[in-house]
Amino acid sequence: MKLWQTWDRRRRVFCVTGALVMLWGVTQGFGWLIAPSEQELTAEGRELFIHEWTPDDPLSGGGDGLGPVFNANSCVACHSQGGTGGAGENKHNVRSFTVLPNRNDSNTYGGVVHANATVERLLETSDQVQKHYPIIPGGVTVIGNCQVQVEDFNPVDFEEINTPALFGAGLIDEISDWSIRQNAWGQSLTALGKEFQGDFDTTMGKVRVLPDGRVGKFGWKAQFATIEEFVATACAVEVGLSNSYRQQDQPGQFKADKNADYDMTSHQLDSLTTYCLTLNRPELVMPRNSKEHSAVVRGRQVFSEIGCAECHTPDLGGVKGFYSDLCLHNITDPDHNGYVREPEVPMPSNVPGLADWKTPPLWGVADSAPYMHDGSSPTLEDAIENHGRDAKHTRQKFLEGINKQDRKALIAFLKALRAPSAGKAAETSSVLATRN
């Protein structure tokens, strides 16, 4: 009996001691077993965001690091307007392409022509894309009982794409699919009501529904449902960092390299995503000068009166001061010859047309020039004047339907929509000016 009691006591002491040793080991030597806090992930993510990647980078964990084809060697290189995480200048535009459905292939394809490569022989060109998807010769074909002359068709369409800002990405990520759909339905009902009254200057956005049924929210074509997918794809395509979601592109092939080793661990991708999710939201910064303050107040009224708020919805899904419906709209007018680029056969129903672009959020717009999807508008006035098709009635009201003072007030309102860091700087300047 005593022997059993002695063994039981020793076993308990051993278990307790072992537990203490394991606890010490976990906290001292095996810290990776403890899930990092959001603060730690954010700090790590920020370091990755500003890190300048190199070929065979030590952070790539056995992958090939930067490239082999890429557009920039860091995230911040393109996302810097108004602070780290902002928009990009035109020099960082990406040359993208879309292969349109045609008589030989009813599918659509897309990709980018990378601006840089780790070695010169891997540099990509638009001509390489064209060779992959050559012009389809025309000729005479029979439709019904008639002979029809078919022209040559170039299936490739190139676009310059400007870098979007990521401020407030966490709030956008939380906007529900239902909120976006509900707002779009409201637009449709309002438009129908106006048309019954003879007013056909209406706007109806198109919700981007992805193949898996989710609603797209990120990217100029709303091609990503979450910021995680946006970040992972940007790492792979723009910097050439393969990860568990998307592998880097194969040079000159304009498609993912399925055999590429990962350059990022899941932890690194999680950290970078967390950092983007925690980027501060832009703010409306009201001027302290009473005259300028009144102009911003009036400009916000004009914004709604002339129809800007039809697409740039002020509040969406509980996010206030957002100014986007996250829907696709066609705002590109035909060129001076009346020409509109169209596919040879209809685009798939879940794929945006060439002229369809997601309404960009206007929060922080004062610090995100140049404007439009291609960065073709250097000023806010230019951006408004370049709105066509779905927004032509709003453009005309801005140019001809309101007086000069209201036009200035509208621009003053837009210039009060500041990026987070720029907004704080403006507030500080105002306080200092007041004190002095």
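When a residue number appears, it is its place in the shown sequence, counting from 1. Fair warning: this is a prediction, and the values are worked out from it, not measured in the lab.
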In sequence, state the C-alpha distance, the side-chain angles, and the governing distance for Asn386 and Ser377, and then conclude on side chain to side chain donor-acceptor pair (under 3.5 Å).
CA-CA 8 Å; Asn386 282 334; Ser377 299; 2.7 Å; yes
Please step through ring-ring contact (aromatic ring centres under 6.0 Å, His included) for the pair Trp363 and Phe322, ending with a clear verdict.
CA-CA 6 Å; Trp363 58 2; Phe322 180 54; 5.1 Å; yes
Take Thr118 and Phe70, measure what side-chain contact (heavy atoms from CB on, under 4.5 Å) needs, and give me the verdict at the end.
CA-CA 8 Å; Thr118 52; Phe70 60 98; 4.1 Å; yes
Begin with the C-alpha distance, continue with both residues' side-chain angles, and end with the deciding distance and a verdict on side chain to side chain donor-acceptor pair (under 3.5 Å) for Thr359 and Asp325.
CA-CA 6 Å; Thr359 306; Asp325 59 4; 2.9 Å; yes
Do Gln301 and Asp406 pass the side-chain contact (heavy atoms from CB on, under 4.5 Å) test, and can you show the C-alpha distance, the side-chain angles, and the key distance before you say yes or no?
CA-CA 9 Å; Gln301 294 172 340; Asp406 278 349; over 6 Å; no
Would you check, one step at a time, whether the test salt bridge (Lys or Arg N to Asp or Glu O under 4.0 Å) holds for Glu229 with Arg214?
CA-CA 13 Å; Glu229 295 163 358; Arg214 295 177 302 158; 2.7 Å; yes
Go through it in stages, so that I can follow the logic: the residues are Gln268 and Asp263, the test is side chain to side chain donor-acceptor pair (under 3.5 Å), and I'd like the CA-CA distance, side-chain angles, deciding distance and then a yes or no.
CA-CA 10 Å; Gln268 287 174 319; Asp263 301 299; over 6 Å; no
Show the numbers, then the answer: is there a side-chain contact (heavy atoms from CB on, under 4.5 Å) between Val319 and Ile172?
CA-CA 8 Å; Val319 181; Ile172 302 174; over 6 Å; no
What verdict does the side chain to side chain donor-acceptor pair (under 3.5 Å) test give for Asn102 and Asn104, after you've listed the backbone C-alpha separation in whole Å, the side-chain angles of each residue and the deciding distance to 0.1 Å?
CA-CA 5 Å; Asn102 54 76; Asn104 293 341; 4.6 Å; no
Under the side-chain contact (heavy atoms from CB on, under 4.5 Å) rule, what do Asn71 and Cys78 come out as? Steps first, then yes or no, please.
CA-CA 9 Å; Asn71 286 317; Cys78 299; 5.7 Å; no
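The closest side-chain heavy-atom distance from Val99 to Thr108 is not below 4.5 Å. Residues Asn350 and Leu210 are not in side-chain contact: their nearest non-hydrogen atoms beyond the backbone lie 4.5 Å or more apart. Using a 4.5 Å heavy-atom cutoff, the side chains of Phe153 and Ile135 are not in contact. Residues Ile384 and Leu399 have side chains not in contact (no heavy-atom distance under 4.5 Å, counting atoms from C-beta outward). Residues Leu362 and Leu414 have side chains in contact (heavy-atom distance under 4.5 Å, counting atoms from C-beta outward).
Val129 and Val156 get closest at one heavy-atom pair: CG1-CG1, 4.0 Å. In terms of heavy atoms, Asp177 sits closest to Val215 at OD2-N, 3.2 Å. Across all non-hydrogen atoms, the minimal contact from Asp270 to Thr274 is O-OG1, 2.7 Å. The two atoms that bring Leu66 and Asn73 nearest to each other are CD1-CA, 3.8 Å, heavy atoms only. Of all the heavy atoms in Thr233 and Tyr245, the pair that sits closest is OG1-CE2, 3.4 Å. Closest non-hydrogen pair, Pro101 versus Val345, comes out as CB-CG2, 3.3 Å.
Salt bridge Arg95/Glu160: present, at least one basic N to carboxylate O contact under 4.0 Å. At a threshold of 4.0 Å, the pair Glu174-Lys217 does not count as salt-bridged, since none of the basic side-chain nitrogens sits closer than that to a carboxylate oxygen. Remark: Glu283 engages Arg281 in a salt bridge, criterion side-chain N to carboxylate O under 4.0 Å.
Between the side chains of Ser242 and Gln248, at least one donor N or O lies within less than 3.5 Å of an accepting N or O. At a cut-off of 3.5 Å, with distance as the only test, a side-chain donor of Ser179 or Ser176 sits close to an acceptor on the other residue. Using a 3.5 Å distance cut-off with no hydrogens or angles, the side chains of Asp157 and Thr98 do not pair a donor with an acceptor. In this model, a donor atom of one side chain and an acceptor atom of the other lie less than 3.5 Å apart for Asp57 and Thr54.
Expressed to the nearest 0.5 Å, how far CE of Met286 lies from OG of Ser294 amounts to 8.0 Å. Interatomic distance, Cys75 SG to Leu48 CG, rounded to the nearest 0.5 Å: 8.0 Å. Interatomic distance, CZ of Phe167 versus SG of Cys276, reported as 10.5 Å (0.5 Å rounding).
Among Ile180, Leu328, Leu326, the one residue that satisfies the side-chain contact (heavy atoms from CB on, under 4.5 Å) test with Val207 is Ile180.
Within a 6.0 Å radius of CD in Gln405, no more than 12 heavy atoms belonging to other residues, nucleotides or ligands are found. Few gaps surround CD on Gln253; more than 12 heavy atoms of other groups in view lie less than 6.0 Å from it. The local environment of NZ in Lys206 is crowded, with over 12 non-hydrogen atoms from other residues, nucleotides or ligands closer than 6.0 Å. When the shell of 6.0 Å around CD of Glu124 is examined, it contains more than 12 heavy atoms from other residues, nucleotides or ligands. Heavy atoms from other residues, nucleotides or ligands lying under 6.0 Å from NZ of Lys415 number 12 at most.
Distance alone, capped at 3.5 Å, is enough to place a donor-acceptor pair between the Gln130 side chain and the Tyr133 backbone. With Asn93 contributing its side chain and Asp374 its backbone, the two residues share a donor-acceptor pair below 3.5 Å. Side-chain N or O atoms of Glu40 include none that pairs as donor or acceptor with a backbone N or O of Pro36 at under 3.5 Å. A distance-only check finds a donor-acceptor pair linking the side chain of Asp390 to the backbone of Asn330 [under 3.5 Å]. A distance-only check finds no donor-acceptor pair linking the side chain of Asp367 to the backbone of Val365 [under 3.5 Å]. Checked by atom type and distance alone, the side chain of Ser74 pairs as donor or acceptor with a backbone atom of Ala77 at under 3.5 Å. Proximity of a side-chain donor or acceptor of Lys397 to a complementary backbone N or O of Lys392 within less than 3.5 Å is not detected. Between the side chain of Glu47 and the backbone N or O of Glu44, no donor-acceptor pair lies under 3.5 Å. Formation of a donor-acceptor pair under 3.5 Å by the Glu344 side chain with backbone atoms of Arg103 is found in this model. Side-chain N or O atoms of Ser376 include none that pairs as donor or acceptor with a backbone N or O of Met372 at under 3.5 Å.
Under the 6.0 Å cut-off for aromatic ring centres, Tyr323 and Phe303 qualify, their centroids lying closer than that. Checked against a 6.0 Å centroid threshold, the rings of Phe254 and Phe97 count as neighbours.
A cation-pi arrangement is not found for Arg298 relative to Phe413, the charged atom failing to lie both closer than 6.0 Å to the ring centre and inside a 45° cone about the ring normal.
Applying the salt bridge (charged side-chain N to carboxylate O under 4.0 Å, His left out) test to residues at least two apart or on different chains, none of the pairs has a partner in residues 62-88.
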